[in-house]
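Below is one structure, written out as structure tokens, with a few remarks after it.
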Amino acid sequence: MPDKKIPTGRYQRLAAVGRVAGTQAAKRAGTRAANLVRSPQSTSAALERRHIATAEQIVAVLGRMKGASMKLGQMLSVLDVGLVPEEYREEFQRRLGALREQAPAVSFKDMRKVIETELGERLSGAFSDFGEQPIAAASIGQVYRATLRDGRTVAVKVQYPGVRAAVAADMANLSLIVGLLGRLAPQMDTKALAKEVREEIFQELDYELEASNQRALGRLYDGHPFIAVPAVVSERCGERVIVTEFVQGDRFAALQSEGEAERNRVGEIVFRFFLGSMYRHGMFSGDPHPGNLLRREDGRIAFLDFGLFKRLGGEPIQFTLQILRAVIERNESELHRLLANGGFLPDPARFDPSELMSYMLDAYWWCTSADREVHFSPQTTKEIMHRHLGRGSENLRTTRQMDLDAEHLLGRRLELMVLAVLGQLQVSANWHRIAREWIYGDPPGTELGRQEADFLGGLAAQPA
């Protein structure tokens, strides 16, 4: 049954998350005590039940809360931060995946009020048909399928009533909320997690900005051979409603079940869309989680949700490319000079050039030092996440000693999230050779690269 109301009070929302952490702590203690008298087989079964129950409770509580609390749950469904032992991780991630595929719904009666207020008219005046059952639900909004009066099938994304107050409450509680979740995963860097959630959620509340972002990327990828960005119906958008072209297609779970060749194709498209957009075009979607892509019937991958978005000028892009070239070429002195001149090293003399090179190679080995086919699996990406997000990691200590600006941090976060998606797809490619297309301007070495080069060449040939 749909929820009637999102809890918006600060202490009410904190108590809900606290119950998750408290209940799981009690269950862990009870399971450990009971295991003293259980057989090995019974112990294993009890642990499995507890870990599955953990995922179900997080989905139920964080899903109902929406806002920043639900955003935490969605991030945990992609970033493997070790909430459960290895043998239960796949099932646990699948349960958490419900937060990105189909979150608990808010009643249509409440959502209808938001739509009609934003449109300034009744639904029957704007649409010839409007499905009352949501087709998707996310951290701050719900999506419906509808038909415009001119016959176009559209997706209508609507912000939850009360979600702004809920987000404000979450922001007041954020350090406490991530601390409670940190009890479930003590190795998490909860301060970094809180910072990411805070930055993301306020951007995503601005639906008019999101519509503008989607239009900008839509123009860049109009007619692209393997990437699609749904068109925005601007005249039907508002502060809390976005109307776009409806996209029918296969979701991520179906793509995971495909053969190796198709999974590799999809993985390369994901890599090219997110990182290629950043380095080629200076703008990119910052939320590459699996719920935001669909495979259309024509084979193109459609990308959705542009609430978290970044535009970069040419200077920061060129600066990052210079750094990547210095790492590929193992030029320690140049890397040190670039980071110092860029303001990343508060006291350059304290940073040893060889240690900086080691740090960068560890962060970017998959595209700077591995000129070969590299396979990404959940285990591969888990190790990368733990090296950079885990407490006590050498990379985390180095990062904290450096002065990293917001643009660099968002770009790095994008890369890590892309790698997480590639790991869940279990794909292989020579990522180094693909990345060289934008790092050095090398000719493409894959069929998709050649198709994209033809498309980009066609754009350059068009009159401004």
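Here the structure is a predicted model, which means the values were calculated and not measured.
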**Study point:** Contact summary for G282 and I317, nearest pair of heavy atoms
**Key:** CA-CD1, 3.2 Å
**Study point:** Beyond-backbone contact of M283 with L312, side-chain heavy atoms, under 4.5 angstrom
**Key:** no
Check your understanding: Does the pair L293 and L255 meet the rule for a side-chain contact (heavy atoms from CB on, under 4.5 Å), with working shown?
Key -> CA-CA 10 Å; L293 62 93; L255 302 180; 3.6 Å; yes
Review point. Taking side chain as C-beta onward, heavy atoms only, is K310 less than 4.5 Å from F284?
Key: yes
Check your understanding: Under 4.5 Å between any side-chain heavy atoms of F226 and I301, yes or no?
Key -> no
Review point. Is a donor on one side and an acceptor on the other found under 3.5 Å between the side chain of R330 and the backbone of I328?
Key: yes
Exercise for review: Before accepting this row, confirm whether a basic side-chain N of the pair R325/E334 lies closer than 4.0 Å to the acidic partner's carboxylate O.
Suggested key: no
Check your understanding: How close do G449 and P444 get, heavy atom to heavy atom, and via which atoms?
Key -> C-CB, 3.4 Å
Point to revise | Beyond-backbone contact of N430 with V374, side-chain heavy atoms, under 4.5 angstrom | key: no
Review point. Atom CD in E373, atom NE2 in H375: separation rounded to 0.5 Å?
Key: 9.5 Å
Check your understanding: Taking only residues two or more places apart in sequence, or in another chain, which ones meet E297 in a side chain to side chain contact (heavy atoms under 4.5 Å, CB included)?
Key -> none
Exercise for review: Just do the side-chain contact (heavy atoms from CB on, under 4.5 Å) check on W366 and T380 with the steps written out, would you?
Suggested key: CA-CA 11 Å; W366 47 274; T380 306; over 6 Å; no
Study note, to complete from the structure: Sequence neighbours excluded, the answer for side chain to side chain contact (heavy atoms under 4.5 Å, CB included) partners of P348 is H336, A340, L345
Practice item. Apply salt bridge (charged side-chain N to carboxylate O under 4.0 Å, His left out) to the pair E258 and R265, showing each step before the final yes or no. Key: CA-CA 11 Å; E258 291 284 2; R265 186 187 77 90; over 6 Å; no
Exercise for review: Apply side-chain contact (heavy atoms from CB on, under 4.5 Å) to the pair S377 and Q424, showing each step before the final yes or no.
Suggested key: CA-CA 6 Å; S377 68; Q424 291 191 23; over 6 Å; no
Check your understanding: Does any non-hydrogen side-chain atom of N292 lie less than 4.5 Å from one of F306?
Key -> no
Point to revise | Set of residues satisfying salt bridge (charged side-chain N to carboxylate O under 4.0 Å, His left out) with respect to D298, sequence neighbours excluded | key: R296, R300
Exercise for review: Mind checking salt bridge (charged side-chain N to carboxylate O under 4.0 Å, His left out) for R263 and listing every partner two or more places apart, or none if nothing turns up?
Suggested key: none
Review point. Between K157 and E210, is any pair of side-chain heavy atoms under 4.5 Å apart?
Key: yes
Check: residues 271-278 side-chain donor-acceptor pairs under 3.5 Å, at least two apart:
{"residue": "R272", "atom": "NE", "partner": "E268", "partner atom": "OE2", "Å": "2.9"}
{"residue": "R272", "atom": "NH1", "partner": "E437", "partner atom": "OE1", "Å": "2.9"}
{"residue": "R272", "atom": "NH1", "partner": "E452", "partner atom": "OE1", "Å": "3.2"}
{"residue": "R272", "atom": "NH2", "partner": "E268", "partner atom": "OE2", "Å": "3.2"}
{"residue": "R272", "atom": "NH2", "partner": "E437", "partner atom": "OE2", "Å": "2.8"}
{"residue": "R272", "atom": "NH2", "partner": "T446", "partner atom": "OG1", "Å": "3.2"}
{"residue": "S277", "atom": "OG", "partner": "Y221", "partner atom": "OH", "Å": "2.6"}
{"residue": "S277", "atom": "OG", "partner": "F273", "partner atom": "O", "Å": "2.4"}

Point to revise | Atom pair CG (L456) and NE2 (H281), whose distance is rounded to the nearest 0.5 Å | key: 5.5 Å
Exercise for review: Nearest 0.5 Å please: distance from the NE2 atom of H432 over to the OG1 atom of T368.
Suggested key: 8.0 Å
Practice item. Any chance you could lay out the side-chain contact (heavy atoms from CB on, under 4.5 Å) test for N213 and R311, step after step, and finish with the verdict? Key: CA-CA 9 Å; N213 296 337; R311 298 171 190 262; 3.6 Å; yes
Review point. Which atom pair, heavy atoms only, marks the closest approach of N264 to Q426?
Key: OD1-O, 4.4 Å
Point to revise | Contacts of R215 that satisfy side chain to side chain contact (heavy atoms under 4.5 Å, CB included) - sequence neighbours left out | key: A211, S212, R219, V232, S234
Revision key, fill the gap. CH2 (W438) and SG (C367) are apart, to the nearest 0.5 Å, by 9.0 Å
Study note, to complete from the structure: d(L335 CG, E329 CD) to nearest 0.5 Å is 11.0 Å
Exercise for review: State, yes or no, whether a side-chain contact exists between I227 and F303 at a heavy-atom distance under 4.5 Å.
Suggested key: yes
Point to revise | Closest heavy-atom pair and its distance - R251, A136 | key: NH2-CB, 4.3 Å
Exercise for review: Looking only at non-hydrogen atoms, find the nearest pair between L361 and S369 and report the distance.
Suggested key: CD2-CB, 4.1 Å
**Study point:** Nearest-0.5 Å distance, CD1 of residue I323 to CZ of residue F344
**Key:** 5.5 Å
Check your understanding: Is there side-chain contact between F351 and P346, with at least one heavy-atom pair below 4.5 Å?
Key -> yes
**Study point:** Closest non-hydrogen atom pair, A302 against V247
**Key:** CB-CG1, 3.7 Å
